[in-house]
Peer 1: 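Handing you a structure now.
Letters A, B, ... are given to chains in the order of the sequence lines, protein chains preceding strands, and every chain is numbered from 1. Note: hydrogens, waters and symmetry copies are ignored here, and every other heavy atom, side chains too, is used.
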Amino acid sequence: MAEAMRATVGALLKGIDRYNPENLGTLERYVEMQLRENTYDLEANLAVLKLYQFNPTHFQSNVAAQILAKALTNLPHTDFTLCKCLINSEKHDVSPILDVMKVADLLEMCHFRELWARLNENPNLTMGVIGFEDSVRKFVCHVVSATYQTIPFVTLMELLGNVSESQVKQWITKYGWSIQPDGCVFITNQEENIKTKNITEKITFDSVAGIMAAAR
Amino acid sequence: MWSEEFVENTHYPTSGAYSYQGHGQNFDYEAHTGDPRQDLEYERQYQPQSYIVPEVIKSFIVYFHKVITEQNLYEIQNSYENGFNKLTDRFFKTSPWPDVENIAPIVNHDHLFTILYKELYFRHIYARVSSGPTLDQRFESYYNYCNLFNYILNAEGPVQLELPNQWLWDIIDEFIYQFQSFSIYRSKVQKKTDDELDILKKNPKIWNVHSVLNVLHSLVEKSSINRQLEVYTRGGDPQSVAGEFGQHSLYKMLGYFSLIGLLRLHCLLGDYYQGLKVLENIDFNKKNMYSRVPACQITTFYYVGFSYMMMRRYQDAIRSFSNILLYIQRTKQMFQNRTSLYDQISKMNEKMYTLLAICLVLHPMRIDESVHSQLREKFADKMLRMQKGERDEFQQCFSFCCPKFLSPVPPNYDSASIATYSKEPFALQLRVFLDEVNQQLLLPTIRSYLKLYTTLDLHKLANFMDTDEDELQTYLMCFKHKMKNVVWTKGTSGLTGEFQSASEVDFYIEKDMIHIADTKVARRYGDFFIRQIHKLDEIVKGLKVTAS
């Protein structure tokens with residue numbers, strides 16, 4: 001259903017018609033659909049925010065907050081920033097947008113433990129986005145795989161939001177990591193990728209041939 | 001005219017040689033206002049005596065008209081770039097050119113020529129006349145653009161007209177500039193008289209964002225420029241898909257410049273995604289036939305680079321800025337005798353160095369040697385302050401080098417929140433930028449410690465940072481996250497790319513130990529020697545000429 005909608009909406013957004021406020025209803029329903037069906041369409045969502053920008057009286061805080069929450073599910077991409085740049089700054093300080101902003105801050109600064117605590121306290125922070133928690137875990141795995149060569153199992157478990165042991169193991173399998181005898185999780189051999197680079201100048205003969213010919 | 005601001009309000013004595021006829025549309029709000037300056041203006045404009053066009057201006061107009069009618073491209077360019085500007089400096093330094101009513105009889109009321117003349121006439125008022133354009137001049141200029149674009153877009157077949165690329169670029173650029181100028185003017189509600197507000201309220205369609213978008217989109221459509229670019233990138237012949245209109249240089253170039261215009265417009269509205277998206281078919285890594293107007297090149301890279309910076313794609317931003325700064329460095333002499341262009345380019349140059357400085361503080365990496373040495377010379381202090389985490393310095397730099405952000409909608413002229421209205425678009429982008437800076441504020445400190453070691457105990461670094469190990473690992477993850485950016489790798493779309501981390505200092509955590517990889521750069525000599533060889537060559541050549 002969402003796929004069919006993606007095509008319809010894509011056609012709607014071609015050319016000058018993307019600024020037609022009459023499309024807003026359809027686009028807002030599409031946001032709702034993305035929430036429920038765990039799909040994502042940045043371009044359509046930006047078009048909604050653009051229509052709000054052009055027609056401020058149509059602005060709906062809830063929809064904007066949902067779009068922002070959806071954008072967070074696409075971390076580490078910077079979709080959230082792109083959306084933020086289109087929302088009047090006065091609205092940033094008012095719930096529910098304010099709440100999403102706080103969640104975003106925690107995520108962007110990798111304060112995962114604190115984030116999970118907040119989400120447990122107030123499940124509404126996800127703005128009703130289905131699959132929000134798992135998308136956070138995906139982002140956690142992205143950051144972990146960039147940062148660690150090995151990470152203690154317990155630490156990983158905490159970062160993933162204290163999920164059950166078997167769930168942690170599922171994530172480990174999904175990313176091709178392995179559990180070592182000492183209880184640490186081996187991520188990847190970082191030594192191979194992250195090493196000191198020495199950049200020295202290499203001058204090829206071709207690059208100076210012209211000059212040498214001219215200066216004969 | 002693509003500079004971002006008005007020429008400063010220097011008041012030269014207005015020459016009393018001639019007076020002005022009233023403009024086409026006389027709005028009734030132009031009665032005496034009680035403000036002496038405005039009343040003087042009013043009287044100056046409505047003195048009933050007729051104006052006689054000086055002979056030298058007359059003959060210039062006659063000639064200009066002739067070469068346009070004959071489509072002598074070389075002479076059009078000459079009249080446009082030299083003739084008009086020279087006469088401006090001589091007679092109209094800070095006062096307007098003669099009204100079109102006085103010019104029309106000289107050129108047999110040629111419809112097209114009067115439109116083109118008015119385009120120059122209003123552009124000159126925006127740039128040079130110290131009081132700036134009045135409200136009805138803004139309106140009239142808008143109508144003139146409508147006439148021009150209607151003439152080009154609504155013709156049955158392609159209009160038989162060619163203009164120099166520079167002029168076509170200036171038309172699109174000025175069109176957006178005047179829209180920008182109007183939006184800013186409109187947003188400053190407190191400074192308006194009730195009459196002015198009344199006029200603004202009654203004319204919501206003039207300089208409306210939809211009209212501006214519509215013009216640019218229409219030019220893009222009419223010229224089939226996107227299909228042309230696609231075919232061109234694939235190595236085919238763009239003419240084969242150009243269609244009836246797009247085959248003509250006028251349409252093709254207006255189409256191309258409109259894409260750049262859309263990039264700029266989207267950025268001014270804070271829509272960086274759309275900005276880069278409209279350029280999807282342009283291949284910047286290939287020398288392209290459209291890139292011969294330097295002002296257009298510079299505008300393109302400025303907005304592309306800025307968009308990347310806001311999208312936290314620092315590596316792409318740095319690449320864009322250093323490419324164009326290098327280009328300016330190498331071509332700057334060419335513009336030395338064209339003062340206004342030279343000034344504008346110098347200003348953009350400053351802005352882009354500032355942007356580059358910001359990006360390199362957030363994402364240190366190696367760049368072109370000669371750009372880097374310029375940067376060190378001028379921006380070392382600023383960069384140091386930003387590295388130390390001084391938010392004020394970030395704010396100042398950003399305010400200096402960002403575009404003039406706009407609100408696409410008119411203010412609610414009666415609402416109470418109008419006091420902050422005109423600042424909102426800038427405040428929003430600044431806030432987004434500073435939020436990002438805030439999230440990264442600790443990273444330079446961490447980087448400076450990491451640089452000193454090849455391995456470092458987590459516990460030890462936590463001590464340095466005055467925190468515990470858990471918190472430190474959070475910082476380190478944040479470091480990794482922020483330094484891993486999407487980087488363009490292939491294809492024409494500037495939006496796609498893959499995650500890379502190319503910043504100077506990198507590391508990974510193994511058990512309790514941080515393993516650090518630095519980038520060590522040996523000094524480069526090649527460029528230096530090549531430049532010296534060229535210099536010597538020129539001196540020797542010079543000596544030979546003097547000797548013979």
Peer 1: Tell me, side chain or backbone of Leu159(A) under 4.5 Å from chain B's heavy atoms, or both, or neither?
Peer 2: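 Just the side chain, heavy atoms under 4.5 Å.
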Peer 1: Non-hydrogen atoms of chain B under 4.5 Å away: do they reach the side chain of Ile151(A), the backbone, both or neither?
Peer 2: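 Neither; nothing under 4.5 Å.
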Peer 1: Can you tell whether the side chains of Lys277(B) and Glu280(B) come within less than 4.0 Å, N to carboxylate O?
Peer 2: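 Result for this pair is yes, salt bridge flagged.
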Peer 1: Could you give the distance from CD1 (Ile446(B)) to CD (Gln440(B)), rounded to the nearest 0.5 Å?
Peer 2: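 If I round to the nearest 0.5 Å, the distance is 11.0 Å.
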Peer 1: Would you say Asp79(A) and Tyr40(A) are linked by a side-chain donor-acceptor pair, where the criterion is simply a distance under 3.5 Å?
Peer 2: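 Judged by distance alone, the side chains do pair up.
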Peer 1: Answer with side chain, backbone, both or neither: which region of Gln274(B) has an atom nearer than 4.5 Å to a non-hydrogen atom of chain A?
Peer 2: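 It is the side chain, since no backbone atom gets that close.
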Peer 1: So which of Arg18(A), Lys50(A), Gln149(A) has the largest heavy-atom pair count under 4.5 angstrom toward chain B?
Peer 2: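 The answer is Gln149(A).
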Peer 1: Relative to chain A, which segment of Arg313(B) carries a heavy atom at a distance below 4.5 Å: side chain, backbone, both, or neither?
Peer 2: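 Arg313(B) has no heavy atom closer than 4.5 Å to chain A.
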Peer 1: Would you mind checking which part of Phe112(A) comes under 4.5 Å of any heavy atom in chain B, side chain (CB onward), backbone (N, CA, C, O), both or neither?
Peer 2: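 The side chain, not the backbone.
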Peer 1: Do NZ/NE/NH1/NH2 and the carboxylate oxygens of Lys480(B) and Asp506(B) come within less than 4.0 Å?
Peer 2: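 Salt bridge flag = yes for Asp506(B) with Lys480(B).
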Peer 1: Only pairs of heavy atoms separated by less than 4.5 Å count here; which of Asp271(B), Val486(B), Leu216(B) has the most with chain A?
Peer 2: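 Looking at each of Asp271(B), Val486(B), Leu216(B) in turn, Asp271(B) comes out on top.
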Peer 1: Quick one: what part of Lys511(B) sits under 4.5 Å from any heavy atom of chain A, side chain, backbone, both or neither?
Peer 2: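 Both the backbone and the side chain of Lys511(B) come within 4.5 Å of chain A.
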Peer 1: How far apart are the C-alpha atoms of Tyr273(B) and Glu43(A), what are their side-chain angles, what is the distance that settles it, and do they pass the side-chain hydrogen bond (donor to acceptor under 3.5 Å, both in side chains) test?
Peer 2: CA-CA 9 Å; Tyr273(B) 183 89; Glu43(A) 222 172 308; 3.2 Å; yes
Peer 1: Whether Arg118(A) and Glu114(A) form a salt bridge (side-chain N of Lys/Arg under 4.0 Å from carboxylate O of Asp/Glu) is what I want to check.
Peer 2: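 Yes, charged N to carboxylate O under 4.0 Å.
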Peer 1: Do NZ/NE/NH1/NH2 and the carboxylate oxygens of Lys484(B) and Glu498(B) come within less than 4.0 Å?
Peer 2: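 Not counted as a salt bridge, because no side-chain N and carboxylate O are separated by less than 4.0 Å.
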Peer 1: Would you call Glu504(B)-Arg447(B) a salt bridge at under 4.0 Å N-O?
Peer 2: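 So Glu504(B) does not pair with Arg447(B) through a salt bridge.
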Peer 1: With a 4.5 Å cut-off on heavy-atom pairs, point out which of Val144(A), Ile87(A), Thr155(A), Asp182(A) contacts chain B the most.
Peer 2: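 Ranked by contacts with chain B, first place is Ile87(A).
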Peer 1: Relative to chain A, which segment of Leu442(B) carries a heavy atom at a distance below 4.5 Å: side chain, backbone, both, or neither?
Peer 2: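 No part of Leu442(B) comes within 4.5 Å of chain A.
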Peer 1: Please report the interatomic distance CD1(Ile97(A)) to CD(Glu90(A)), rounded to the nearest 0.5 Å.
Peer 2: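 Here the rounded value is 11.5 Å.
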Peer 1: Honestly, is Lys138(A) close enough over Tyr175(A), meaning NZ or CZ under 6.0 Å from the six-membered ring centre and within 45° of the axis?
Peer 2: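 Pair Lys138(A)/Tyr175(A) does not count as cation-pi.
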Peer 1: Does any pair with a residue in residues 71-105 of chain A pass ring pair (Phe, Tyr, Trp, His ring centres under 6.0 Å), and if so which ones, sequence neighbours excluded?
Peer 2: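 Pairs touching residues 71-105 of chain A that pass the test: His77(A)-Phe499(B).
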Peer 1: With distance as the sole criterion, is a donor-acceptor pair present between the side chains of Ser89(A) and Glu424(B) under 3.5 Å?
Peer 2: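 There is such a pair between these side chains.
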Peer 1: Within residues 53-69 of chain A, which residues come under 4.5 Å of chain B, heavy atom to heavy atom?
Peer 2: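 At a heavy-atom separation under 4.5 Å, chain B is reached by Gln53(A), Phe54(A), Pro56(A).
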Peer 1: Using non-hydrogen atoms and a 4.5 Å limit, figure out which bit of Glu510(B) sits close to chain A: side chain, backbone, both or neither.
Peer 2: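 Answer is both: backbone and side chain atoms of Glu510(B) are under 4.5 Å from chain A.
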Peer 1: For chain A, find which of His515(B), His217(B), Lys482(B), His481(B) contributes the most heavy-atom pairs closer than 4.5 angstrom.
Peer 2: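 The option with the most such pairs is His481(B).
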Peer 1: If we count only N and O atoms by modelled type, under 3.5 Å, do the side chains of Asp105(A) and Gln439(B) hold a donor and an acceptor together?
Peer 2: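 A pair is found: one side chain offers a donor N or O, the other an acceptor, under 3.5 Å apart.
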Peer 1: Who wins among Val143(A), Thr81(A), Asn88(A) for the most heavy-atom pairs under 4.5 Å with chain B?
Peer 2: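 The option with the most such pairs is Asn88(A).
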Peer 1: Just give me the residue among Met101(A), Arg113(A), Met109(A) that pairs up with chain B most often, heavy atom to heavy atom, under 4.5 Å.
Peer 2: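 Top option by heavy-atom pairs under 4.5 Å: Met109(A).
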Peer 1: Side chain, backbone, both or neither: which part of Leu536(B) has an atom under 4.5 Å from a heavy atom of chain A?
Peer 2: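 Leu536(B) has no heavy atom closer than 4.5 Å to chain A.
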Peer 1: Chain A: which of Ile516(B), Ile530(B), Val220(B) shares the most heavy-atom pairs with it under 4.5 Å?
Peer 2: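 Most heavy-atom pairs within the cutoff with chain A belong to Ile530(B).
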